[in-house]
Structure formats: C-alpha cells, structure tokens
**Student:** 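My questions will all concern the structure given below.
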Amino acid sequence: MEYFLTEEQKVIKDLARRIAEERILPVRAELDEKEEFPGAIMKDLADSDLFRICVPEEYDGLGGGCMELCLVVEELSRICSGVAVSYAATGLGASALLLYGSDEQKQKYLPDITSGKRLAAFALTESTAGSDAGNIKTTAEKTADGYVLNGTKQFITNGGEAEIYTVIALTDKKRGARGASAFLVEKDTPGFTFGKKEKKMGIRTSSTRELVFRNCEIPEENRISREGMGFIMTMKVLDRSRPAIGAQAVGIAQGALEATVDYAQERIQFGHPIITIPVVQNMLAEMATRVEAARLLVYAAARTIDSGAKDFTEEASMAKVFASDTAMKVTTDAVQIFGGAGYMRDYPVEKMMRDAKITQIYEGSNEVLRGTIAVGLRKRKARRE
Ligand SMILES: Cc1cc2nc3c(=O)[nH]c(=O)nc-3n(C[C@H](O)[C@H](O)[C@H](O)COP(=O)(O)OP(=O)(O)OC[C@H]3O[C@@H](n4cnc5c(N)ncnc54)[C@H](O)[C@@H]3O)c2cc1C
C-alpha cells in the first residue's frame, strides 16, 4: 500500500521502528511482566529527538504534526503499546500548553518537554467523571496569589513518572463544566501527591495512577488561558489526540498480524503449515484488510488535522473507533490462529490482545464516540435542509 509519506515522515517512521526493534523488543516481555515503567526507553526516545516532533520550531521542536506523531506511536505500538502510550501521554500532557498556553508558559515548560528531560501528563478523569467528564469535582479556589487545588484525579497515564501535569479543575463550581479551567502543576508542588498505582490488564509497562491534591497552592501564571476554558480546551485536545490512539491500535494490530503470518507458516498440522488451510487464509486476509483500512482512516484523520481544518471531531472519532475495534478483532483472531500457544505468554499475541482492549475504552469510549459521530450526522443533515 502507498501511504504517500514525505521524505521526513519516512525518516521519522524508520527511526521509531529501529528504536522499537533494537531497544524495546528485547525487554518488552520483562517490562510487561514486572509492570515496570520504561524509563531507559523514554531516554532513548528523547536522545533520538522524538519528543520534539510535534512542537513548533520556534520552541525548539521539529515542527511536525499529528501525522508524524501517529507514525511514531504506530511503530512503537507494533512492538509494545505500553511504551507507546507512555511516550504519547507526554504529547497529550503538553497539548493544552501548545494550543492555548502563553508565550511565557511555552518558554518555561516546552524546552524540558521537547528535550525529553521532563515527561508530561493530562489529568481530567475522576471517580465521578469518566465519560461524564463535565462532572469533575476537583476545585481550584482563587486566592490573592493564585489558586488552591483540592481533589483527586484517577487513571492518569504517566502518573508519578511525569513532572508536568495539565490538570482540569473547577474555578466556578456553580457553572459545572463551564466553570472548569486548566492548570500546569509541577510534580514537587507541596500538597500534590500520588495515590493508588493501578494494576492493569494490558499496557502494563505504562504507569496509571491517582493524583491527589490537598490544599495545593499554584501561582496564577500556571493557569492556561482564561478561567472557564478548561472543558472546551479538553474537547479540542482530545479531538487532536484521538488519531494517535487509532495509531496505537493500528500498531498493535500490525504486530499481531505479522506474528501470526510467521507462526502460521511454521506451525505444521496434518503434515502441512496451517497457512495452507483455507479457513486460516481467509482469517489472515480479513485481518490484513482491516489493518490497512484502519491505517488509512487514521492517516486521513491526522492529515485533516494537519491541514489546518477547524472541525475534525467526527474524523478523529471514526479513526479511533474503527482502529480500536480492528485491533481487538485482529488480536483475538491472532490468538485463535496460534491455538493453545496463543494463550501462553511465550508468544506476543497474548500481550497484544490484552493491550488492544484499552484502545476501545480511553480517550472517549467507543460507545460515547459513536454517539459523537451520530450527532455529527444529524448536524450535517440539518445543514443540508
Ligand atoms: C489505562 C487507562 C489510562 C487512562 N489514562 C487517562 C489519562 O491519562 N488522563 C485522563 O484524564 N483519563 C485517563 N483515563 C480515563 C479514561 O479516559 C476513562 O476511563 C474513559 O473515558 C471511560 O470512563 P470510565 O472509565 O469512567 O467509564 P464510564 O464512563 O463509567 O463508562 C462505563 C460504560 O458505560 C458506557 N457509557 C457511559 N456513558 C455513555 C454514554 N453517554 N453513551 C454510551 N455509553 C456510555 C461506556 O462506554 C462504558 O462502556 C485512563 C483510563 C485507563 C483505563
């Protein structure tokens, strides 16, 4: 398949693939088993300038966009999506800053993020606010010098490992979601601690943790944009990051497909490789077709975003929904073709099937996003009338 990548994009993709194969592949099973954060690999990615790709050149970045991010995430996920999400969460954590931050805030925080010296994270979810993100309870009360944060965020990727957190909190409780604002909070701020570290089904090398704020004082200059912009910002940030979740799913599915073709070629039953069995061939053909379709949808959504389009909610949602459902289906079929061996940890498809599941859940569950797509269809119909 021809993806019409630019020369720069091919270089970025090849670089990410090389790091994934040379540095992640030898340790992926161990990282998963030990549920250990891939700190050394984050350093490799930083040393290879991969944290710079989506940052404008004026802030020491490489000036790439969503497409470049998707290529890196896909290649890392082909080997280990736990590593990929640890990398991508920094982009998510820096996204509100990049889109809405002041020049002073960018000058202060972006150099450390682009160099990979400090990881970032994005904190929205709470026990009462998952899909219902507008129901957050964390408050940011105005004081003479700034704000005091109180509340608990849950399921935060890079929690404990990141040093810069974008936190969504209520500056006006009465206004609900319209009273939410975004803040940059540094790891060692007094009153900011880490709670429960989650033990997960998949992406186990990534850190998923509670953030606890108890009378945590932050200066006014750490608020991103105006008060009350937090929820709108969140929606824009997530619209931009959903193709990257799609890319994570495509990478997982691609890895599973390749492992399955190899296995089907080697596994002999009834005197022949199982790849000669028509039912297995049909399954492989279906898997390969779905992976290509998902990849093309993800690239199309990423390119739409990079074109400067103003509204891409539906494209981003479709890419995430279709690619994540593809990853779940393809990895499940991969385990099936491996038979009993696929159920064992000796082969990567067992991990890939566990890793695929989360892509259907986070950054907007697929059920919620199907609702978003349907709303878009109704709007388009209304415009036609
Ligand atoms: C490993 C992991 C990492 C995460 N990382 C982050 C992070 O870095 N930052 C962050 O802020 N959050 C993060 N999250 C949170 C994640 O985005 C939420 O888990 C997700 O949005 C779903 O919310 P929930 O878990 O509360 O499920 P719920 O909202 O309780 O949903 C439960 C079920 O109900 C369905 N449902 C709910 N509402 C609707 C509706 N309106 N229409 C149709 N179906 C509906 C859902 O689809 C789902 O099937 C992470 C979660 C996980 C598991």
Side-chain angles (χ1 to χ4, degrees), residues 32 35 37 73 77 80-96 119-138 149 151-170 177 180 182-185 187 194-213 230-231 233-242 244-246 248-249 252 316-317 320-321 324-325 327-328 351 354-376:
D32 181 63
E35 306 191 23
F37 187 76
V73 171
S77 299
C80 177
S81 66
V83 171
V85 75
S86 307
Y87 163 78
T90 284
L92 181 65
S95 205
L119 299 179
F122 181 76
L124 169 69
T125 302
E126 299 180 11
S127 61
T128 56
S131 302
D132 186 7
N135 197 32
I136 58 167
K137 305 287 182 215
T138 296
L149 287 184
T152 302
K153 296 287 176 185
Q154 76 170 10
F155 300 165
I156 305 307
T157 304
N158 280 355
E161 302 294 338
E163 295 190 44
I164 300 166
Y165 294 80
T166 297
V167 178
I168 309 299
L170 296 176
F183 299 90
L184 290 159
V185 186
K187 189 177 188 177
F194 300 100
K196 186 180 174 207
K197 188 172 190 305
E198 304 295 342
K199 292 185 83 66
K200 306 191 291 292
M201 170 193 286
I203 56 164
R204 285 162 51 168
T205 187
S206 69
S207 170
T208 311
R209 202 146 177 201
E210 267 181 353
L211 314 185
V212 183
F213 301 99
F231 200 65
M233 249 186 253
T234 297
M235 295 302 117
K236 296 279 178 209
V237 163
L238 294 179
D239 272 354
R240 281 178 178 272
S241 77
R242 281 186 187 121
I245 301 296
Q248 183 190 345
I252 298 169
S317 302
K320 192 271 191 188
V321 167
S324 59
D325 285 352
M328 203 63 245
K351 172 183 182 304
R354 287 188 281 110
D355 286 353
K357 186 64 207 167
I358 190 60
T359 63
Q360 295 179 305
I361 298 172
Y362 59 17
E363 294 211 15
S365 74
N366 284 6
E367 294 73 33
V368 168
L369 293 182
R370 283 193 169 88
T372 305
I373 295 164
V375 168

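Both ligands and their constituent atoms are indexed starting at 1 by order of listing. Residues: numbered from 1 along the sequence shown.
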**Student:** After noting the C-alpha distance and the side-chain angles of V73 and Y87, does the key distance pass the side-chain contact (heavy atoms from CB on, under 4.5 Å) rule?
**Tutor:** CA-CA 8 Å; V73 171; Y87 163 78; 4.3 Å; yes
**Student:** Does any N or O in the side chain of E363 come within less than 3.5 Å of the main-chain N or O of I245, such that one atom is a donor and the other an acceptor?
**Tutor:** no
**Student:** With D325, which of K320, K357, R370 fulfils salt bridge (charged side-chain N to carboxylate O under 4.0 Å, His left out)?
**Tutor:** R370
**Student:** List the steps, then state whether side-chain contact (heavy atoms from CB on, under 4.5 Å) holds for I156 with R209.
**Tutor:** CA-CA 5 Å; I156 305 307; R209 202 146 177 201; 5.7 Å; no
**Student:** Which atom pairs, nitrogen or oxygen on both sides, join ligand 1 and the protein at under 3.5 angstrom?
**Tutor:**
unit_1, atom_1, unit_2, atom_2, d
ligand 1, 5 (N), F155, O, 2.8
ligand 1, 5 (N), T157, OG1, 2.8
ligand 1, 8 (O), T157, N, 3.0
ligand 1, 8 (O), T157, OG1, 3.3
ligand 1, 9 (N), F122, O, 2.8
ligand 1, 11 (O), L124, N, 2.9
ligand 1, 11 (O), T125, N, 2.9
ligand 1, 11 (O), T125, OG1, 3.1
ligand 1, 12 (N), T125, OG1, 2.6
ligand 1, 14 (N), F155, O, 3.3
ligand 1, 23 (O), S131, N, 3.4
ligand 1, 29 (O), S131, N, 2.9
ligand 1, 29 (O), S131, OG, 2.6
ligand 1, 47 (O), S365, OG, 2.6
ligand 1, 47 (O), E367, OE1, 2.6

**Student:** Which residues pass the ring-ring contact (aromatic ring centres under 6.0 Å, His included) test with Y165, sequence neighbours left out?
**Tutor:** F192, F194
**Student:** Determine, for R204 against E35, whether the closest basic-nitrogen to carboxylate-oxygen distance falls under 4.0 angstrom.
**Tutor:** yes
